[in-house]
There are 2 protein chains.
Amino acid sequence: MAVSVREVAALAGVSLGTVSNVLNRPDKVAPTTVDRVQSAIATLGFVRNDSARQLRAGRSSTVGLIVLDGGNPFFTDVARGAEDAAMDKGLAVLIGNSDESTDRERTYVDLFEERRVAGLLISPAGDDLSRLARLRDQGTAVVLVDRRADDEHFASVSVDDVAGGRIAVEHLAATGRTRIAFVGGPSSIRQVADRHAGALSAARAAGIGLEVLPTASLSVLEGRRVGEALQARPRAERPDAVFAANDLLAVGLEQAFIMRGTIAVPEEIAIVGYDDIAFAEAAVVPLTSVRQPAQDLGRQAIELLTKQVELGQDIDLEHVEFTPELVVRQSSVADA
Amino acid sequence: MAVSVREVAALAGVSLGTVSNVLNRPDKVAPTTVDRVQSAIATLGFVRNDSARQLRAGRSSTVGLIVLDGGNPFFTDVARGAEDAAMDKGLAVLIGNSDESTDRERTYVDLFEERRVAGLLISPAGDDLSRLARLRDQGTAVVLVDRRADDEHFASVSVDDVAGGRIAVEHLAATGRTRIAFVGGPSSIRQVADRHAGALSAARAAGIGLEVLPTASLSVLEGRRVGEALQARPRAERPDAVFAANDLLAVGLEQAFIMRGTIAVPEEIAIVGYDDIAFAEAAVVPLTSVRQPAQDLGRQAIELLTKQVELGQDIDLEHVEFTPELVVRQSSVADA
DNA sequence: CTGTTAGCGCATTCAC
DNA sequence: GTGAATGCGCTAACAG
C-alpha cells in the first residue's frame with residue numbers, strides 16, 4: 001500500500017541512498033538523476049514517512065502549542081501568529097486546548113512529549129511548572145506564552161497583566177467611578193491574579209475599594225451568571241463599574257445587563273474588558289478593553305523557541321514582555 | 001538524553017520485550033514484574049517514542065482536521081467537538097487552518113500524509129477533491145466536514161446549506177422584505193454557493209429578486225467593506241434586507257450600518273447571518289442567524305472516521321446531514 | 001556523484 | 001511468563 005524509497009529507487013534505477021539525497025540534498029545529485037528520481041516519485045505517488053525520518057534523524061520539525069481556551073479569539077489569534085511564523089521556518093504547529101484544566105494540559109504535554117516535538121509553547125493552566133521544568137531539562141525547548149516566567153528556567157513571551165489591570169481601573173477611577181468590581185477567576189490562573197493585582201493597586205491609589213466577584217472560568221456564560229446576580233441586587237448595592245478579566249466575561253455581563261435586564265451601560269455600570277478581541281468592537285455596547293498584541297505574542301514565541309533550539313540549552317533565556325494598551329469605547333464612556 | 005526501553009529493561013533487570021509487554025499488554029506479565037518495570041520507568045522518566053512506535057506498528061493514533069477558518073468560532077466549535085470525541089477514543093487531533101486557501105490546504109494535507117494520520121477530517125477549500133480521492137484510495141480514511149459529498153467517494157458530515165439559505169430568505173420575505181441582497185463569497189466555497197442557491201429558490205418562490213454582493217472572504221472586515229459600500233448608495237437603491245453567508249460578515253455589516261453609519265437595523269435593513277456563533281447573540285443588534293450544530297458536526301465526523309478505520313475501505317460510506325434552524329433575534333424583527 | 005551499510009526505538013514473533 | 005532476534009522506512013556516514 002505505502003510506497004517506500006526502495007520502490008522509488010528501483011523504478012528510477014538508482015540506489016536508495018540517492019533517493020534520500022534527492023529528497024534532502026538535491027544539489028549533491030546530478031540534475032538528470034534528480035529528474036529521473038522525481039518522476040519516479042510522482043508516478044508512484046511516494047510520500048515520505050515522517051515517523052521513520054524523525055526516528056532516524058532524532059529531531060522533529062513540529063512544535064506543540066497548548067492554549068488555555070481554544071474557543072477564545074485571543075488564543076486563536078496567538079495560534080495564528082505562531083502558525084504563520086512557524087510556517088516561515090518550515091515548522092508545523094500542533095495545537096492543544098487545555099480548557100483551563102491541568103488534567104487536559106497534562107494529556108497534551110504527554111502527547112507532545114511522545115511525539116518528541118522540537119519545542120513546546122504553553123500557556124500553563126496552573127502554577128505547577130515542575131513538569132515543564134523536567135521537559136526543559138531533558139532538552140526540549142519550552143516557551144511560556146502569555147505568562148512571564150518567574151525564575152530563569154523558562155523563556156517567556158508575555159504582556160504585563162499587572163499594568164493592564166492598573167490602566168483599566170485607572171481609567172474607571174478617572175471617569176468618576178467609585179464602586180468598582182473585579183470579575184474573574186479562578187485566581188489559580190496567573191493572568192487573572194495579575195490583572196486583579198494591578199486593578200487593586202490602582203484602586204488603592206485612587207482611594208477606593210475593589211469588590212471581587214469570582215468566576216469559575218473565563219467564559220461568556222460565567223459573565224452572564226455574574227451579571228444576573230448583580231442585577232438581582234438592590235440598585236444601591238451594585239457597583240458603578242466592572243472590570244472583567246477578559247472580553248468573554250465582559251460580553252456575558254453586557255448580555256445580562258442590557259439584553260436580559262435593564263441596567264444601562266455605561267450610565268449605571270461601566271464595563272472594561274480584556275484582550276480586545278475582534279468582537280469587542282461589535283458588542284451590543286462596543287466594549288472598552290485592554291488590548292494585547294495576540295498575533296505578535298504567538299509570532300515572538302516561535303522566535304524564542306527557534307533561538308533556543310538552534311543555540312542549545314546554554315543560552316540566556318529571554319523574556320519578551322509587551323505592554324498592553326487601553327482601547328476606550330462606549331461601554332465605559334458614553335460619548336467615546 | 002532520551003531514555004529508551006533498553007535502559008528501562010536494564011534497570012528493572014528484565015529484557016526489552018518484557019518492558020514492551022508491560023507497556024502494551026500488562027495482563028500478560030506477572031504483577032511483581034510489572035511493578036518493577038513501572039518503577040524503573042518512573043525513576044528514569046521514560047517516555048515512549050511515538051515515531052518508533054508508529055513506524056513499527058504501521059498505524060497512527062492521530063487524525064488530522066483541516067478547517068476553513070481557524071478564527072471563526074463555528075470552526076473552533078467543530079474542532080472542539082472533534083477533539084472531545086477523539087479523546088474518548090484515545091485519538092489525538094492535529095488541527096490545520098487552511099484559511100480558505102487551497103495552497104495552505106495542500107500544505108496541511110501533505111503534512112498529515114507524511115505523518116501517516118489514521119484519517120483526515122476536512123472542510124475542503126475548493127472543488128478539486130482529486131487529491132483527497134487519492135488519499136482515500138491509498139487507505140487513509142477521509143471524512144468531509146460541513147460539506148456533503150457529491151459522489152460515493154467520501155463519507156461526509158454536513159448541514160443542509162440549501163435549506164439554510166432558503167429558511168433565511170423565507171423569513172425575510174415573510175416579514176415583508178422585498179429587496180433582498182445576498183452577501184458572501186467566494187462562490188468557489190461550496191457552503192457559500194449552496195446557501196446562495198437556497199436563498200435564490202426562496203426569493204423566486206416569493207416572486208422577488210436577489211441581488212448578490214460578492215466578498216473575497218467570509219470575514220468581519222469584508223462584511224464591513226460591503227456595508228460601507230451599501231451605505232454610500234442613495235437610500236432608494238439600498239436593499240431592505242441582507243442575508244450574509246456567515247455571522248462574521250453579518251457582524252461586519254452591522255458595524256458599518258450602525259457604528260460607522262446611520263442605517264437602522266432592522267427598520268431600514270434587516271440582517272440574517274449564518275452559523276449562530278456565540279457572539280451573534282451579543283452583537284450590537286442581536287443577530288438573527290441560521291444555527292448549525294457545530295460541535296455535533298465535529299463529534300459525528302470522528303464517529304464516521306473511526307467506523308471507516310475499523311471496518312476498512314469496503315463499508316458503505318455514510319452521509320450524515322443535519323438540518324439547520326433559524327434563530328430569530330432583533331436584527332430581522334424589531335420586537336423579537 | 002552514486003551505492004552500500006548500519007542503525008534510530010520500538011513491537012512482535014517464536015523459542016524457552 | 002519471559003527473552004533473544006528481526007525489521008518498520010529512512011538518513012547519514014563512508015567507500016567507491
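Just so we're clear, the structure is a prediction, and the values are computed from it rather than from any experiment. Chain letters run A, B, ... following the sequence lines, proteins first and then strands; every chain starts at 1.
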Between dG9(C) (C1') and Glu7(B) (CD): distance, integer Å: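 After rounding, the reported distance stands at 11 Å.
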Length of the CD1-P vector between Ile41(B) and dC10(C), whole Å: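 After rounding, the reported distance stands at 10 Å.
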Sequence-distant partners of Asp77(B), side chain to side chain donor-acceptor pair (under 3.5 Å), two or more places apart: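 Checked Asp77(B) against side chain to side chain donor-acceptor pair (under 3.5 Å); zero matches.
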State whether a side-chain donor-acceptor pair under 3.5 Å links [X] with [Y].
| X | Y | value |
| --- | --- | --- |
| Ser158(A) | Ser156(A) | no |
| Ser101(B) | Asp99(B) | no |
| Ser98(A) | Glu105(A) | no |

Audit row: Asp127(B), Arg147(B), salt bridge (Lys or Arg N to Asp or Glu O under 4.0 Å) steps and yes/no: CA-CA 11 Å; Asp127(B) 260 328; Arg147(B) 156 85 90 103; 3.6 Å; yes
Terminal helix-axis angle for the helix from dC1(C)-dG16(D) to dC16(C)-dG1(D), with five pairs defining each axis and rounding to 10 degrees: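 Taking the rotation axis at each end, their angle is 30°.
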Distance below 4.0 Å between Thr18(B) side-chain N/O and dG3(D) OP1 or OP2: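 For Thr18(B), the contact criterion (side-chain N or O under 4.0 Å from OP1 or OP2 of dG3(D)) is met.
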Residues Asp110(A) and Arg131(A) bridged, charged N to O under 4.0 Å: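 The answer is yes: the pair qualifies as a salt bridge.
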Arg80(A)/Asp69(B) ion pair, N-O < 4.0 Å: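 Result for this pair is no, no salt bridge flagged.
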Derivation of the salt bridge (Lys or Arg N to Asp or Glu O under 4.0 Å) call for Asp146(B) and Arg190(B): CA-CA 9 Å; Asp146(B) 198 35; Arg190(B) 174 65 58 92; over 6 Å; no
Under 4.0 Å protein heavy-atom contacts per nucleotide of nucleotides 10-16 of chain D, with B for base, S for backbone only and - for none: BBB----
Sugar-phosphate only, base, or nothing, as touched by Ser51(B) at under 4.0 Å among non-hydrogen atoms: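 If one applies the 4.0 Å heavy-atom cut-off, Ser51(B) turns out to touch nothing in the nucleic acid.
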